[in-house]
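Throughout, protein chains are lettered first and strands after them, A, B, ... in sequence-line order, and every chain is numbered starting at 1.
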There are 2 protein chains.
Amino acid sequence: MDNIEQIFGNFLREKGLRHTEQRDIILNAFLEAEGHLSAEDLYIIANGKSPGIGYATVYRTLKLLCKVGIAREVYFDNGKVRYEHKYKHRHHDHLVCIRCGKVIEIFDSKIEEAQDRLAKKNGFIPIKHQLNIFGVCKECRKKK
Amino acid sequence: MDNIEQIFGNFLREKGLRHTEQRDIILNAFLEAEGHLSAEDLYIIANGKSPGIGYATVYRTLKLLCKVGIAREVYFDNGKVRYEHKYKHRHHDHLVCIRCGKVIEIFDSKIEEAQDRLAKKNGFIPIKHQLNIFGVCKECRKKK
DNA sequence: TCCATTATTGAATATGATTATCAATATCAT
DNA sequence: ATGATATTGATAATCATATTCAATAATGGA
């Protein structure tokens with residue numbers, strides 16, 4: 001129950017879905033790549049490993065991974081969805097460099113608590129949130 | 001210097017752009033509508049006031065409004081950009097109801113400070129951020 | 001005021017990301 | 001193995017947004 005491939009396999013079986021080679025390849029490509037990939041990024045990796053894999057399959061599999069809780073969608077500033085690891089990956093926020101695009105994950109329990117408090121104060125049941133801080137990273141700050 | 005129409009007019013003159021009826025109509029539609037509109041929302045309003053106004057003009061004008069600082073882009077969860085008032089409108093975050101789509105603006109200086117602190121701790125110069133909290137609002141909680 | 005210059009418009013077309021269609025193929029329970 | 005049916009990949013369809021371009025309108029100057 002702690003192996004992601006197994007979790008995915010169980011999920012497929014339970015739902016009456018099929019365990020295909022493509023799904024495995026895409027899952028592994030996703031797991032190996034740390035970071036915040038777009039569907040295109042994943043397509044390039046997966047298609048590199050197994051030419052023939054198409055965009056459609058990548059998109060479809062990405063949806064499944066979100067459904068099982070292995071991946072999560074993230075919306076940054078450019079109207080393009082990115083996917084990050086969710087399984088055994090605590091919730092976190094993002095620092096995004098507007099120069100080089102680097103993404104750093106951050107977590108601060110004070111912010112988390114304050115958010116819950118604010119939501120409740122306004123009568124909301126908080127379900128999830130996304131905090132992205134945009135700025136210039138240390139390296140880019142040095143250059144010019 | 002405190003009238004938005006004037007600010008927009010000055011901006012156009014300075015940039016050598018022209019003050020057209022369409023731009024006025026779209027600006028006014030935007031100003032009258034409180035809330036967080038999509039380009040489509042604005043198109044419907046503007047085109048209602050002056051049939052003939054097309055999507056292209058709405059998109060182009062919205063870009064100008066962002067450039068002058070009258071409007072600001074907001075990215076929620078659905079891959080669609082929304083625009084909110086920026087002029088004399090302090091920075092704030094959002095509570096978004098996942099049932100009815102209602103958006104409430106919130107502000108909490110503790111969260112703001114904590115964010116700046118976090119960014120700096122990681123070597124970032126913070127420039128802007130977006131915090132969206134998704135949940136179920138009071139009204140939707142009651143229904144069913 | 002009329003003119004000439006040139007920014008702007010709207011319609012149509014293009015783009016980029018994502019989704020749906022569908023015939024051929026692969027998986028899985030029997 | 002076999003049959004039922006989920007899945008695949010290619011392609012076409014969508015959706016939001018951007019671009020092109022000929023016709024039109026706004027501006028500054030005569």
Task: Apart from B:Ile106 itself, residues in the same hydrophobic cluster as defined by side-chain heavy atoms under 4.5 Å - done: A:Leu95, A:Ile104, A:Ile106, A:Ile111, A:Leu118, A:Phe124, A:Leu131, A:Ile133, B:Leu95, B:Ile104, B:Ile111, B:Leu118, B:Phe124, B:Leu131, B:Ile133
TODO: Starting from P on C:dT9, measure out to CG on B:Leu12 and report it in whole angstrom.
DONE: 10 Å
Open item on the list: So, using side-chain contact (heavy atoms from CB on, under 4.5 Å) as the criterion, who are the partners of A:Arg23 when residues are at least two apart?
Closed with: A:Phe8, A:Leu12, A:Leu17, A:Thr20, A:Thr61, A:Leu64
- [ ] Taking Watson-Crick and G-U wobble pairs with both distances under 3.5 Å, convert DNA chain C into its dot-bracket string, 5' to 3', dots for unpaired and | for cross-strand pairs.
- [x] ||||||||||||||||||||||||||||||
Task: Pair A:Lys49 + A:Glu32, salt bridge at N-O below 4.0 Å - done: yes
Task: Interatomic distance, B:Glu14 CD vs D:dT27 C1' [rounded to whole Å] - done: 16 Å
Task: Atom-to-atom span, CD1 of A:Ile26 to C1' of D:dT8 - whole angstrom - done: 10 Å
TODO: Only counting residues at least two apart or in another chain, list the ones meeting side-chain hydrogen bond (donor to acceptor under 3.5 Å, both in side chains) with A:His94.
DONE: A:His36, A:Glu84, A:His92, A:Asn132
Open item on the list: Measure CG/B:Leu42 against C1'/D:dT17 and give the value in whole Å, please.
Closed with: 15 Å
Open item on the list: Just to verify, what does B:Asp41 make a salt bridge (Lys or Arg N to Asp or Glu O under 4.0 Å) with, not counting sequence neighbours?
Closed with: B:Arg82
Task: Listed partners of A:Cys100 passing side-chain contact (heavy atoms from CB on, under 4.5 Å), at least two apart - done: A:Cys97, A:Lys102, A:Cys137, A:Cys140
Task: Residue list, side-chain contact (heavy atoms from CB on, under 4.5 Å) with A:Glu14, at least two apart or on another chain - done: A:Asn10
Task: Distance in angstrom units between B:Glu73 CD and D:dA16 P, rounded - done: 16 Å
Open item on the list: Going by the rule salt bridge (Lys or Arg N to Asp or Glu O under 4.0 Å), which residues pair with A:Lys67 if we only count those two or more places apart in sequence or in a different chain?
Closed with: none
Open item on the list: Tell me if the NZ atom of A:Lys138 is crowded by more than 12 foreign heavy atoms within 6.0 Å.
Closed with: no
Open item on the list: From CZ of B:Arg23 over to C1' of C:dG10, roughly how many Å is that when rounded to an integer?
Closed with: 14 Å
Open item on the list: According to salt bridge (Lys or Arg N to Asp or Glu O under 4.0 Å), who are the partners of B:Glu21, at least two apart in sequence or on a separate chain?
Closed with: none
TODO: Enumerate the residues from residues 48-68 of chain A whose closest heavy atom to DNA chain C is under 4.0 Å, giving them by residue number; use none for an empty result.
DONE: A:Ala56, A:Tyr59, A:Arg60, A:Lys63
Task: Separation of atom CZ in B:Arg82 from atom C1' in D:dC15, rounded to whole Å - done: 14 Å
TODO: Whole angstrom is fine here: how far is it from OH in A:Tyr43 over to C1' in C:dG16?
DONE: 15 Å
TODO: Summarise protein proximity over nucleotides 25-30 of chain C in one line of letters, 5' to 3': B for base, S for sugar-phosphate only, - for none, counting protein heavy atoms closer than 4.0 Å.
DONE: -BBS--
TODO: Tell me, please, which residues at least two apart from A:Tyr43 pass ring-ring contact (aromatic ring centres under 6.0 Å, His included).
DONE: A:Tyr55
